[in-house]
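Note sheet for the following structure.
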Amino acid sequence: MGNFGLLLDGFQIALTPYHIMLMVVGVMLGLIVGVLPGLGAPNGVSLLIPLTFSMDPVSAIILLASMYWGALFGGSTTSILFNIPGEPSSVATTFDGYPMARAGQPTRALTLAFMSAGIGALAGVVVITLLSSWAASFALRFGAPEYFAVYFLAFCAFVGMGSAAPLKTVVSLGLGLLFSTVGMDTVTGSLRLTFGLDVLIGGISFLVVVIGLFGIGEILATVQDGHKFRGLSSRIDLRDVLRTIAELPRYFTTVIRSCAVGIWMGITPGGPTAASFMSYGIARQCSKPGQAFGSGRAEGIVAPETADHSAGTCAMLPMLALGLPSSATAAVMMGGLMIWGLTPGPMLFTTKPDFVWGLIASMYVSNIVGVILVLATVPMFAALLRIPFSIIGPVIVAICFVGAYTVSSETFDLWLVLVFGVMGFVFNKLEFPIAPLVLAMVLGHKAENAFHQSMIISDGSLGVFFSNPLVGTITTLALALVVVPQAVKLLSRLRRRGAAGSAH
């Protein structure tokens with residue numbers, strides 16, 4: 001209950017006209033950052049940090065956090081309207097959001113995404129409020145084996161729960177892991193797969209890959225279809241927004257389940273992207289008969305957006321309580337805190353309670369501000385679908401290349417966008433899933449480092465992943481996600497053969 005008293009003090013700090021104005025500005029800047037592919041929340045926050053040096057730390061972190069929430073909201077906009085994820089964590093939203101918009105329901109798709117995101121974010125803030133005092137002691141139990149087990153769980157969830165053939169999923173995962181190893185090994189210092197190119201020493205940017213796979217790949221597919229832009233907007237009406245809000249209670253179970261997945265993946269190093277993919281896979285596995293996933297099903301939007309935002313919000317908890325950022329944006333924000341003379345960790349709650357609880361209180365307010373702002377702009381974003389493809393196509397290509405160049409200002413990245421654009425086109429034609437490749441690129445580097453460190457700790461013994469109840473439980477669950485679905489499929493196949501044989 002002590003936390004609630006501190007939270008009320010935090011609201012006195014957050015609910016001032018100046019801080020509310022900063023929240024509105026931050027959310028609007030974040031929406032722009034999220035809508036533009038290739039910019040992303042980490043880059044947006046990085047660009048904004050120098051402007052906060054003259055501000056007091058509470059005001060500065062409120063502005064940066066509000067931009068982060070806005071970027072998470074904005075990332076789903078281009079995912080739904082153009083099949084181009086503005087944020088890496090919005091990739092899973094494209095699977096059903098874009099087909100729903102293409103079917104003439106862009107307002108419904110956007111409203112489902114924004115409302116689910118708001119619910120997920122608020123759930124994450126509630127968890128931060130309740131667990132902030134306890135988080136430090138629990139998170140100290142996580143070492144390299146536990147980190148790797150969490151990443152392994154995310155990979156196995158895709159193999160076991162994916163709709164594609166397991167072999168194709170494994171190939172896609174393998175390619176993603178391969179691409180994630182390009183550059184310098186941070187443990188040994190050796191260079192891998194750079195082919196003598198200095199630009200590859202730092203690795204292949206994940207954002208460049210996503211822009212190519214989804215942005216250029218979709219443009220190539222559209223051109224092959226005869227220059228017809230797939231999203232023809234239906235008439236926009238405020239009643240569509242209200243009708244969709246009234247529809248949300250139908251997906252109560254999906255929301256609760258996705259919040260749980262997002263909270264877990266946010267507190268642990270899984271992160272928002274892995275959370276959105278995992279939640280989408282679980283929703284597809286647990287769904288009732290009806291419209292197929294991937295064709296515009298509502299749960300396919302609700303699940304990843306809820307998990308994405310609850311994970312993105314909960315990622316702030318280990319950063320504040322332990323100084324261990326579990327996402328790129330949290331790492332950038334932690335750098336900002338250190339520049340302002342604040343050291344994230346358990347002592348921050350004791351020495352600077354006004355800062356910590358002012359930030360937590362601002363999360364409640366800024367997420368509500370974010371939902372209101374994005375809902376107000378739904379008609380504007382949906383109206384973009386009325387622009388003819390002959391105009392919007394070149395604009396999307398330009399945005400993709402500008403976004404890719406923005407990542408590191410390297411001309412080489414523009415060639416990578418083209419290469420991965422062709423790869424995305426080929427993957428779609430051969431029905432190879434792209435999502436596992438994206439997931440592996442997100443987590444590959446972290447998973448490799450955690451595995452390296454685990455092997456050093458255990459002298460090369462894999463038994464380290466069963467060395468205590470926590471890591472053993474996570475590893476066992478991961479293996480079960482691969483083995484159990486395949487065993488169930490094999491048994492059902494044998495039963496069908498047996499029934500067919502007895503019929504003859």
Side-chain angles (χ1 to χ4, degrees), residues 1-27 30 45 48-49 52 55-70 72-73 117-139 259 262-263 266-267 309-327 329-330 332-334 336-373:
M1 291 301 294
N3 284 4
F4 287 100
L6 292 167
L7 180 63
L8 291 176
D9 294 336
F11 274 115
Q12 291 181 354
I13 297 170
L15 290 175
T16 63
Y18 176 59
H19 285 155
I20 291 174
M21 182 198 71
L22 288 179
M23 291 176 207
V24 173
V25 171
V27 169
V45 172
L48 200 59
I49 281 180
T52 64
M55 301 168 64
D56 69 274
V58 175
S59 301
I61 196 68
I62 285 175
L63 178 62
L64 295 180
S66 298
M67 175 184 243
Y68 179 32
W69 313 141
L72 288 175
F73 280 116
I119 293 169
L122 286 174
V125 184
V126 169
V127 168
I128 291 177
T129 305
L130 296 175
L131 300 185
S132 56
S133 301
W134 170 83
S137 58
F138 174 75
C259 281
I263 288 164
I267 293 175
H309 283 249
S310 56
T313 306
C314 284
M316 299 291 286
L317 180 58
M319 186 272 280
L320 289 171
L322 271 182
L324 295 174
S326 59
S327 72
T329 310
V332 173
M333 287 188 185
M334 190 170 84
L337 294 184
M338 298 179 76
I339 290 171
W340 303 323
L342 300 174
T343 304
M347 293 304 295
L348 189 64
F349 284 80
T350 304
T351 59
K352 294 288 184 180
D354 57 335
F355 171 84
V356 173
W357 290 101
L359 170 61
I360 293 173
S362 77
M363 292 181 187
Y364 285 96
V365 183
S366 59
N367 276 300
I368 294 171
V369 169
V371 173
I372 293 170
L373 286 177

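Computed from a prediction, not measured in an experiment: that's the story for all the values here. Heavy atoms only: backbone and side chains are in, while hydrogens, waters and symmetry mates are out.
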To the nearest 0.5 Å, tell me how far [X] [atom1] sits from [Y] [atom2].
X      : Y      : atom1 : atom2 : result
Leu22  : Ser362 : CG    : OG    : 10.0 Å
Leu359 : Met316 : CG    : CE    : 5.0 Å
Ile119 : His309 : CD1   : NE2   : 11.5 Å

Can you name the side chain to side chain contact (heavy atoms under 4.5 Å, CB included) partners of [X], sequence neighbours left out?
X      : result
Val127 : Leu131, Ile263, Ile267, Cys314
Ala60  : Thr52, Met55, Trp340
Ile372 : Ile368
Ile13  : His19, Val58, Asp354

(request) Would you mind reporting whether Phe11 and Tyr364 have side-chain heavy atoms less than 4.5 Å apart? (result)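 Answer yes - side chains close enough.
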
(message) Counting C-beta onward and ignoring hydrogens, is there a side-chain heavy-atom pair between Met67 and Val27 closer than 4.5 Å?
(response)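 Side-chain contact under 4.5 Å: no.
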
(request) Report yes or no: does Tyr68 contribute a side-chain atom to a donor-acceptor pair with the main-chain N or O of Gly312 at less than 3.5 Å? (result)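 Looks like yes, one N/O pair under 3.5 Å.
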
(message) Restricting to non-hydrogen atoms, name the atom on Val125 and the atom on Ile360 that form the minimum distance, rounded to 0.1 Å.
(response)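 Smallest heavy-atom distance, with atoms named: CG1-O, 3.8 Å.
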
(message) On a heavy-atom basis, which atom in Cys259 and which in Ala123 lie closest, and how many Å separate them?
(response)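 What the structure gives for the nearest pair is SG-CB, 3.7 Å.
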
(request) Tell me, please, which residues at least two apart from Ser366 pass side chain to side chain donor-acceptor pair (under 3.5 Å). (result)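 Side chain to side chain donor-acceptor pair (under 3.5 Å) list for Ser366, sorted by chain: Trp69.
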
(message) For Phe355, give me all partners under ring-ring contact (aromatic ring centres under 6.0 Å, His included), at least two apart in sequence or on another chain.
(response)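 Phe355 satisfies ring-ring contact (aromatic ring centres under 6.0 Å, His included) with no other residue.
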
